Amino acid sequence: MIEVKHVNKTLSHRLILNDINYNFEYGRVYGLCGPNGSGKTMLLRTIAGLLVPDSGEVVIDGKVLHKDISFPPNVGLVIENMTLLPQYSAMDNLRLIAELKKIATEEDMKTALKRVGLDSDLKVRKFSLGMKQRLNIAQAIFEKQTVILLDEPTNALDESGVQLIYQLIREEKERGALVVVATHHEADLQEMCDTILGISEGKLYEKKQAAD
């Protein structure tokens, strides 16, 4: 479980996270919906350990982030302005990332690329925006991460790509992962989320629970 407890964050004299309280459970998909600038991305960054709250805390499986652990131990992240290595292929990008933890096999990498519909030996510099987004998603799942945080994951994808990612998210849920999908298009969330959360001016509230 991820527990977000009374988290506040101010940037440039603006309160971007305002007393956020919520518990996220494994094996569920959470939609995070709000307009640009509402705090969606900053909440994901906070859960991922990339942003330190001014007050409050994030507790991951009983361990306090930035106190007991520096980062979540097994998180996959797709967030704005991610860096891909343009001189390498998709597979080589994954191989380089895999060197950090040394837990993913070649087959894990091939499977992740297949799941996102990316079959190309081109260098990333020649990728379309949609292909880059597919690779970003592949790197968030190829190590069988238990927490998956996706910021606008369907950006730059065509309709077939969008449906592929929806299916992938459902499969990750069935595997037992905790998935949070942030978007400003609430319609994107309806068919794949157990719970839809709204965020506005840094305040989080529950909009919809899926029917059992």
Side-chain angles (χ1 to χ4, degrees), residues 1-4 22-34 40-41 43-45 47-48 60-61 72-80 82 90-91 93-94 97-98 103-105 107-120 128-199 204-212:
M1 178 184 289
I2 295 179
E3 303 166 81
V4 181
Y22 202 79
N23 292 339
F24 297 89
E25 300 177 358
Y26 293 104
R28 296 183 67 82
V29 180
Y30 297 88
L32 184 59
C33 186
K40 301 187 304 297
T41 299
L43 179 56
L44 293 189
R45 286 182 177 275
I47 294 171
I60 299 176
D61 298 333
N74 196 5
V75 63
L77 180 66
V78 173
I79 210 158
E80 60 188 357
M82 292 188 68
M91 190 67 176
N93 266 267
L94 294 189
I97 297 169
I103 60 174
T105 65
E107 192 59 35
D108 290 332
M109 298 175 218
K110 291 177 183 177
T111 298
L113 293 175
K114 183 177 180 180
R115 290 178 69 195
V116 301
L118 190 57
D119 180 18
S120 175
S128 66
L129 288 176
M131 292 170 72
K132 289 178 180 178
Q133 185 72 335
R134 289 172 191 252
L135 178 53
N136 281 331
I137 295 169
Q139 63 79 31
I141 64 166
F142 83 106
E143 293 176 313
K144 300 181 175 66
Q145 288 91 327
T146 56
V147 177
I148 300 172
L149 308 174
L150 304 175
D151 190 14
E152 305 286 359
T154 59
N155 269 3
L157 297 181
D158 58 18
E159 184 57 30
S160 64
V162 170
Q163 292 304 316
L164 194 67
I165 299 311
Y166 286 174
Q167 180 60 32
L168 182 151
I169 289 170
R170 295 187 197 99
E171 291 168 356
E172 291 302 302
K173 169 191 169 176
E174 291 303 314
R175 186 175 61 81
L178 187 170
V179 185
V180 184
V181 183
T183 180
H184 59 280
H185 298 298
E186 186 173 348
D188 287 354
L189 305 175
Q190 299 290 343
E191 61 179 278
M192 61 179 169
C193 295
D194 299 294
T195 302
I196 296 178
L197 303 168
I199 188 165
L204 189 70
Y205 58 95
E206 199 164 278
K207 298 188 72 170
K208 178 183 176 183
Q209 280 275 5
D212 294 327

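Here the structure is a predicted model, which means the values were calculated and not measured.
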* Asked: Between Gln167 and Gln163, does a side-chain hydrogen bond (donor to acceptor under 3.5 Å, both in side chains) hold up when you go through it step by step?
  -> CA-CA 6 Å; Gln167 180 60 32; Gln163 292 304 316; over 6 Å; no
* Judged by atom type as modelled, is there a donor-acceptor pair below 3.5 Å linking the side chain of Glu172 to the main-chain atoms of Val29? -> no
* Shortest non-hydrogen contact from Met109 toward Ala98 -> CE-CB, 3.6 Å
* **pair Asp194-Lys173: side-chain heavy atoms closer than 4.5 Å** => yes
* CG on Leu204 to CD1 on Ile199, rounded to 0.5 Å -> 5.5 Å
* Below 4.5 Å, heavy atoms only, C-beta onward: do Ile60 and Pro72 meet side chain to side chain? -> yes
* Asked: Can you name the nearest heavy-atom pair linking Ala140 to Leu77, along with the distance?
  -> CB-N, 3.7 Å
* To do: Mind running side-chain contact (heavy atoms from CB on, under 4.5 Å) on Glu25 and Leu178 for me, showing each step along the way?
  => CA-CA 6 Å; Glu25 300 177 358; Leu178 187 170; 5.7 Å; no
* Structure fact -> For Ile169 and Met192 the tightest heavy-atom approach is CD1-SD, 3.6 Å
* With a 4.5 Å heavy-atom cut-off, do Leu113 and Phe142 have their side chains touching? -> no
* Asked: Around atom CG of Asp119, are there more than 12 heavy atoms of other residues, nucleotides or ligands at under 6.0 Å?
  -> no
* Structure fact -> What one should report as the nearest heavy-atom pair of Lys40 and Ala182 is CB-CB, 4.1 Å
* Sidechain-backbone polar pair: Thr154 side chain, Val162 backbone, donor-acceptor under 3.5 Å -> no
* **Smallest separation among heavy atoms of Arg28 and Tyr30, with atom names** => CD-OH, 3.5 Å
* To the nearest 0.5 angstrom, please state how far the NZ atom of Lys114 sits from the CD atom of Glu107. => 9.0 Å
* Structure fact -> Across all chains, not counting sequence neighbours, the ring pair (Phe, Tyr, Trp, His ring centres under 6.0 Å) partners of Tyr166 are none
* For side-chain contact (heavy atoms from CB on, under 4.5 Å), just list the numbers for Lys110 and Thr105, CA-CA rounded to whole Å, side-chain angles, deciding distance to a tenth of an Å, and then say yes or no. => CA-CA 9 Å; Lys110 291 177 183 177; Thr105 65; over 6 Å; no
* Who are the side-chain contact (heavy atoms from CB on, under 4.5 Å) partners of Thr41, not counting sequence neighbours? -> Arg45, Ile79, Glu80, Asp151
* Is any side-chain heavy atom of Leu118 closer than 4.5 Å to a side-chain heavy atom of Ile137? -> no
* Any side-chain heavy-atom pair from Gln190 and Ile196 closer than 4.5 angstrom? -> yes
* pair Ile141-Arg175: side-chain heavy atoms closer than 4.5 Å -> no
* Can you tell me how far the CG atom of Leu135 sits from the CE atom of Met82, to the nearest 0.5 Å? -> 8.5 Å
* To do: Show your reasoning for whether side-chain contact (heavy atoms from CB on, under 4.5 Å) applies to Leu32 and Tyr22.
  => CA-CA 12 Å; Leu32 184 59; Tyr22 202 79; over 6 Å; no
* Asked: So does Arg115 pair up with Asp108, basic N to acidic O under 4.0 Å?
  -> no
* Kindly compute the distance separating CG (Leu43) from CD1 (Ile47), expressed to the nearest 0.5 Å. => 4.0 Å
* Atom pair CD1 (Ile103) and CD (Glu143), whose distance is rounded to the nearest 0.5 Å -> 4.5 Å
* Measure the CD1-CG distance between Ile165 and Asn155 for me, rounded to the nearest 0.5 Å. => 12.0 Å
* Structure fact -> Closest non-hydrogen atoms of Gly176 and Tyr26, given as atom of the first, atom of the second and distance, are O-CB, 3.5 Å
* Asked: Would Glu3 and Asn23 satisfy side-chain contact (heavy atoms from CB on, under 4.5 Å), going step by step from the backbone distance to the final call?
  -> CA-CA 4 Å; Glu3 303 166 81; Asn23 292 339; 3.4 Å; yes
